[in-house]
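Here the structure is laid out as structure tokens; the discussion comes afterwards.
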Amino acid sequence: MTLASWNVNSLNVRLQHVRNWLESNPVDVLGIQELKLIDEKFPTAAFAEAGYQTAAFGQPTYNGVAIAHRHEAQDIERNIPGYPDSQSRVISATLNMASTQIRLVNAYFVNGQEPGSEKFAYKLEWLAHLERYVAEQLAQHQHVVLMGDFNITASDQDSWDPNGLKETIHHTTIERQALLRLLALGMLDSFRAFEQAEKSFSWWDYRMLGFQKNRGLRIDYVLISESLRPALTRSWIDRAPRKWPKPSDHAPVLVELDMARLDSST
DNA sequence: ATGTCCAGTATCACTGGA
């Protein structure tokens, strides 16, 4: 099965891109971030026509996340229990496969704007609650996937200019430590499980010819629980939609799992 | 530090993104 994560930067504007992309990339699951629309405006019918059920968690103007899935899903959860948040950033679902289940957490991490700002404090607080939430998911579910727009570069190799941007937003030590703590819970950065080209990024600034010059960041991830490592066969970033007219500034990140490789006897 | 590019609001200038 194939899972993908994509920050579409307004589903209103990008719906046709998503439909076109799903047509040539008929993934089993797509986690979407930055819907920028309310639930009443979520294009349920368009996804149904494409063969996907959906669970959405929107809000006016900003944020918003959704899961489009071909398999049956249950136990939909919105945001982080125990952490009241007016911003719609997390949606989770349990996906039923033939013989097993995957708990999927799709998240739009806080941007944080600038270290030291109020928004940065919110980012760190949100990250702490997410860590607790993922730990709970791992305790309750055999297989867990955490995907989304993390708004953090995991290391210098995930930035086009790690020296010039040292300790700026997405590059600070404290953000990276938060991401490392997520991994330390027993999650794997699926992209780095394979050899990848240097300067592989998932986001490029609209300005200053960012994409043409490949001045980007890798800030979109699909983390899988260690339990799924035997099933991991491929992980990649699809840069193609970033070349389309009026693109999202993010590219989809994909993971391929061969669930048949999991030893169900253990 | 600043400019620059994009989306949304009910605009004609602002916030927020990253």
Side-chain angles (χ1 to χ4, degrees), chain A residues 5-19 21 31-43 56-66 85-90 106-127 130 147-176 178-179 191 199-221 237 239 241-253:
Chain A
S5 172
W6 195 4
N7 179 326
V8 298
N9 185 18
S10 169
L11 188 56
N12 275 328
V13 174
R14 232 65 68 185
L15 178 58
Q16 198 52 49
H17 279 200
V18 174
R19 296 184 71 164
W21 188 79
I32 307 170
Q33 303 91 35
E34 279 210 87
L35 306 177
K36 294 189 175 181
L37 47 74
I38 56 176
D39 288 340
E40 290 71 25
K41 297 238 175 105
F42 188 87
F57 183 34
Q59 73 172 75
T61 313
Y62 302 119
N63 309 309
V65 285
D85 190 351
S86 61
Q87 306 191 11
S88 304
R89 296 188 171 277
V90 184
N106 175 38
Y108 174 45
F109 288 40
V110 177
N111 176 315
Q113 203 158 54
E114 192 182 356
S117 66
E118 277 185 28
K119 288 175 181 173
F120 193 75
Y122 167 48
K123 182 174 198 170
L124 297 182
E125 181 185 74
W126 186 93
L127 283 165
L130 181 75
M147 63 164 55
D149 175 357
F150 282 44
N151 274 321
I152 302 170
T153 57
S155 75
D156 280 355
Q157 67 180 330
D158 301 309
S159 174
W160 69 277
D161 186 13
N163 294 322
L165 296 170
K166 191 176 276 296
E167 293 300 327
T168 65
I169 197 69
H170 310 124
H171 298 70
T172 66
T173 303
I174 195 163
E175 289 167 90
R176 288 178 174 175
L179 176 46
F191 189 75
K199 300 184 190 299
S200 289
F201 304 129
S202 66
W203 171 89
W204 300 263
D205 202 314
Y206 286 122
R207 302 166 293 184
M208 312 289 283
L209 300 173
F211 182 68
Q212 289 85 337
K213 296 179 176 174
N214 196 29
R215 294 181 172 179
L217 305 175
R218 190 174 73 97
I219 50 177
D220 300 87
Y221 299 78
I237 297 168
R239 297 162 55 105
R242 189 62 177 77
K243 301 170 188 168
W244 296 349
K246 283 182 74 70
S248 167
D249 41 2
H250 294 255
V253 179

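We name chains A, B, ... by the order of the sequence lines, and we start the count at 1 in each one.
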### Query
Looking across every strand, which nucleic acid part, if any, lies under 4.0 Å from A:Asn111 by heavy atom: base, sugar-phosphate, or nothing?
base

### Query
Under a 3.5 Å cutoff on both atom distances, Watson-Crick or G-U, what's the dot-bracket for DNA chain B ([ ] crossing, | other strand)?
....(((((...))))).

### Query
What integer number of Å spans the C1' atoms of B:dC12 and B:dG8?
14 Å

### Message
With rounding to the closest Å, how many angstrom separate the C1' atoms on B:dC14 and B:dA10?
### Response
13 Å

### Task
Give A:Asp220 one of three labels, base, sugar-phosphate or nothing, depending on what nucleic acid heavy atoms sit under 4.0 Å from its own.
nothing

### Query
Counting distance only, does the side-chain N/O of A:Ser88 pair as donor-acceptor with the main-chain N or O of A:Gly58 below 3.5 Å?
yes

### Message
In whole Å, measure the gap between the P atoms of B:dT11 and B:dT15 for me.
### Response
15 Å

### Task
Have a look at A:Arg215 and say if it touches a base, only the backbone sugar-phosphate, or nothing, with a 4.0 Å heavy-atom cut-off.
nothing

### Summary
Of A:Leu209 and A:Asn63, the one whose closest nucleotide on DNA chain B sits nearer the 5' end is A:Leu209

### Message
For a quick test of reading the model, state the closest non-hydrogen atom pair linking A:Phe109 to A:Leu130 and the distance between them.
### Response
CZ-CD2, 3.3 Å

### Summary
Residue pair A:Phe109/A:Ser10 against DNA chain B: nearer the 5' end by closest nucleotide is A:Ser10

### Message
Just to be sure I understand the rule, does A:Asp249 reach a base, reach only the sugar-phosphate, or reach nothing, if contact means heavy atoms closer than 4.0 Å?
### Response
nothing

### Heavy-atom pair with the smallest gap, counting every atom of A:Leu165 and A:Ser159
CD1-OG, 3.9 Å

### Task
With P as the reference atom in both, quote the distance from B:dA7 to B:dA18 in angstrom, rounded to an integer.
13 Å

### Task
Determine yes or no for a side-chain-to-main-chain donor-acceptor pair under 3.5 angstrom, with A:Asp249 supplying the side chain and A:Trp203 the backbone.
no

### Heavy-atom pair of closest approach, residues A:Lys123 and A:Ile169
NZ-CD1, 4.2 Å

### Query
Considering all heavy atoms of both residues, which atom of A:Phe57 and which atom of A:Arg89 are nearest to each other, and what is their separation?
CE2-N, 4.1 Å

#### Entry: Heavy-atom contact window of chain A on DNA chain B, given 5' to 3' at under 4.0 Å
B:dG3 to B:dA18

### Message
Is it the case that atom CD1 in A:Ile174 sees more than 12 heavy atoms from other parts of the structure closer than 6.0 Å?
### Response
no

### Task
Look at all strands and tell whether A:His171 reaches a base, only sugar-phosphate, or nothing, counting heavy atoms closer than 4.0 Å.
nothing

#### Entry: Test of ring centre spacing under 6.0 Å for A:Trp21 and A:Trp6
yes

### Query
Are any non-hydrogen side-chain atoms of A:Ile152 and A:Leu127 less than 4.5 angstrom apart?
yes

### Query
Quantified in whole Å, what is the C1' atom distance between nucleotide B:dG16 and nucleotide B:dT4?
15 Å

